[in-house]
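Everything below concerns the one structure shown next.
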Amino acid sequence: MTIFMYIFYLLIWGLNFITVKIQGTPVSLELSLTYRLILTAVLFSLLAWFMKPVGKPLKQDIPYILVFGICNFALSYLCLYYATMLSSAAIVTLIFSLKVILTPVALRIFLKEQLHLRILFGGLLGVLGVLILLYPTLSDIHPNDMKGILLALLGTGITAIGDASSARNGKQKVNPVYANAIGFTAGGILLGSVLWFQGQTVSVPPSVSYLSALLYLTLLASFGAWFFYLKLVESIGGAKSGYMVALFPAIGGVASVLIGESNLSIYLVFGCLFSCTGAAVALGIGTSLRKRLSSKRPSMNADLK
């Protein structure tokens, strides 16, 4: 079951931005995202009502949960939605994988947690991966691509701030189901207010591609993948659960080629490779493997004796 949840989360989230691209813009991105957030808020609220887990947030936890929800689900998603439309999903996925570096930096700034050297080294590899992918277009880069890259960086940075707030909530033993229910609700209300202020007409496009993408992003990417991720954290720990982020660039890159958005090239392959390696280094996969091997050596020596 653990392997199934791991693969499920990896594939669903790795294809997240590709699905946003497929969904398109028959209505505004703000409206599409509002649908996603409100539907997911309902699902997590029902889950919280059904499970009634321990760890209800206290009054002093609410501001941090609101920061978590508005940053992670409203502002960052909106930036990444626009980035995906302006540039390519492959580039956005690569940039988003830099959150494994930016989140520890945010934790250092806001929670004074230790910043390991491997995170900085992994960050350099991740940035190098993005530059390799962009290298063929640097001489004639389109303004929209540049806007998309900047929005992807902004969205990833905002996600890191939300992650830091989420880490604070975790230290206070706030159950993630409650945090997600409140966070998605806050994000949906914020974007709904923006729509109302702009006077946008609310409509649901009847096309199969739009509705299927909305269901995917809501049921699978926002609710199912998050729920499985929480279960993975319970069973194998947060560190190992986070390792799958290192493979997001590879999943996004392959999918981008399959839908014809990107061409298979050596720059795409090496860009994804460096981004995956950078994320893996930042997450400490190598350190974890060395510890496991060193822990097995004494038992192996004992068997030999």
Side-chain angles (χ1 to χ4, degrees), residues 9-23 72 76-106 118-163 217 221 225 242-285:
Y9 183 83
L10 172 63
L11 291 176
I12 295 300
W13 254 98
L15 298 173
N16 191 49
F17 301 117
I18 291 291
T19 308
V20 171
K21 197 82 169 187
I22 294 172
Q23 186 179 35
N72 273 34
S76 68
Y77 275 12
L78 190 59
C79 288
L80 294 167
Y81 267 46
Y82 271 101
T84 303
M85 294 303 165
L86 290 168
S87 56
S88 73
I91 291 176
V92 174
T93 305
L94 258 69
I95 292 174
F96 185 72
S97 69
L98 295 176
K99 93 181 203 77
V100 300
I101 297 102
L102 295 179
T103 294
V105 171
R118 69 168 189 273
I119 294 171
L120 299 178
F121 182 62
L124 290 175
L125 290 175
V127 171
L128 182 59
V130 175
L131 291 177
I132 289 173
L133 182 60
L134 294 176
Y135 177 75
T137 62
L138 287 179
S139 59
D140 188 30
I141 191 167
H142 195 277
N144 281 347
D145 289 323
M146 183 57 66
K147 290 177 184 177
I149 292 167
L150 293 175
L151 281 172
L153 287 170
L154 178 61
T156 306
I158 293 173
T159 299
I161 296 173
D163 286 346
L217 292 168
Y243 290 168
M244 67 189 79
V245 178
L247 294 175
F248 283 173
I251 300 295
V254 170
S256 183
V257 172
L258 291 177
I259 69 170
E261 183 196 39
S262 302
N263 296 320
L264 181 61
S265 67
I266 191 170
Y267 298 104
L268 178 63
V269 172
F270 276 94
C272 291
L273 179 62
F274 272 84
S275 291
C276 290
T277 303
V281 170
L283 287 166
I285 294 178

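The first residue of the sequence shown is numbered 1, and numbering continues consecutively from there. Computed from a prediction, not measured in an experiment: that's the story for all the values here.
The line from CD1 of Ile158 to CG of Leu80 is 8.5 Å long, rounded to the nearest 0.5 Å. We find the CD-CG distance between Gln23 and Leu217 to be 5.5 Å, quoted to the nearest 0.5 Å. The distance from atom CG of Leu86 to atom CE of Met146, rounded to the nearest 0.5 Å, is 12.0 Å. Rounded to the nearest 0.5 Å, atoms OH (Tyr267) and CG (Leu133) are 11.0 Å apart. Distance SG/Cys79 to CG/Leu154: 4.0 Å, rounded to 0.5 Å. Taken to the nearest 0.5 Å, the CG atom of Leu150 stands 11.0 Å off from the CG atom of Asp145.
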Distance-only check: which donor-acceptor pairs under 3.5 Å involve side-chain atoms of residues 10-19, not counting sequence neighbours?
unit_1: Trp13; atom_1: NE1; unit_2: Ala221; atom_2: O; d: 3.2
unit_1: Asn16; atom_1: OD1; unit_2: Arg36; atom_2: NH2; d: 3.4
unit_1: Thr19; atom_1: OG1; unit_2: Leu15; atom_2: O; d: 2.9

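For Val281 against Arg118, the heavy-atom pair with the smallest separation is O-CD, 3.2 Å. For the residue pair Ser275 and Gly129, the shortest heavy atom distance occurs at OG-CA, 3.8 Å. Here the closest non-hydrogen pair linking Gly155 and Ser76 is O-CB, 3.3 Å. Of all non-hydrogen atoms in Thr156 and Leu98, the two that sit nearest each other are CG2-C, 4.2 Å. For the residue pair Gly148 and Ala83, the shortest heavy atom distance occurs at O-CB, 3.1 Å. Pairing each heavy atom of Gly253 with each of Cys272, the nearest pair is CA-SG, 4.1 Å.
Here the side chains of Met85 and Asn144 are not in contact, with every heavy-atom distance at 4.5 Å or above. Side-chain contact between Thr159 and Tyr77: absent, with no pair of heavy atoms (C-beta onward) separated by less than 4.5 Å. When side chains are defined from C-beta on, Ile91 counts as touching Ile149, because their heavy atoms get closer than 4.5 Å.
Partners of Ser256 according to the side-chain hydrogen bond (donor to acceptor under 3.5 Å, both in side chains) rule, which considers only residues two or more places apart in sequence or in another chain, are Glu261, Ser262. In terms of the ring pair (Phe, Tyr, Trp, His ring centres under 6.0 Å) criterion, Tyr82 has no residue partners (sequence neighbours excluded).
A side chain to side chain contact (heavy atoms under 4.5 Å, CB included) with Val257 is found for one member of Val269, Asn263, Leu268 and no other, namely Leu268.
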| message | Working note: Ser87 + Val92, criterion side chain to side chain contact (heavy atoms under 4.5 Å, CB included); need CA distance, chi angles, decisive distance, verdict. | response | CA-CA 8 Å; Ser87 56; Val92 174; 3.8 Å; yes
| request: Start with the C-alpha distance between Leu131 and Val127, add both sets of side-chain angles, then the distance that settles side chain to side chain contact (heavy atoms under 4.5 Å, CB included), and finish with yes or no. | output: CA-CA 6 Å; Leu131 291 177; Val127 171; 4.1 Å; yes
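Side-chain atoms of Ser97 come within 3.5 Å of backbone atoms of Leu94 as a donor-acceptor pair (strictly under, hydrogens ignored). Formation of a donor-acceptor pair under 3.5 Å by the Lys21 side chain with backbone atoms of Thr84 is found in this model.
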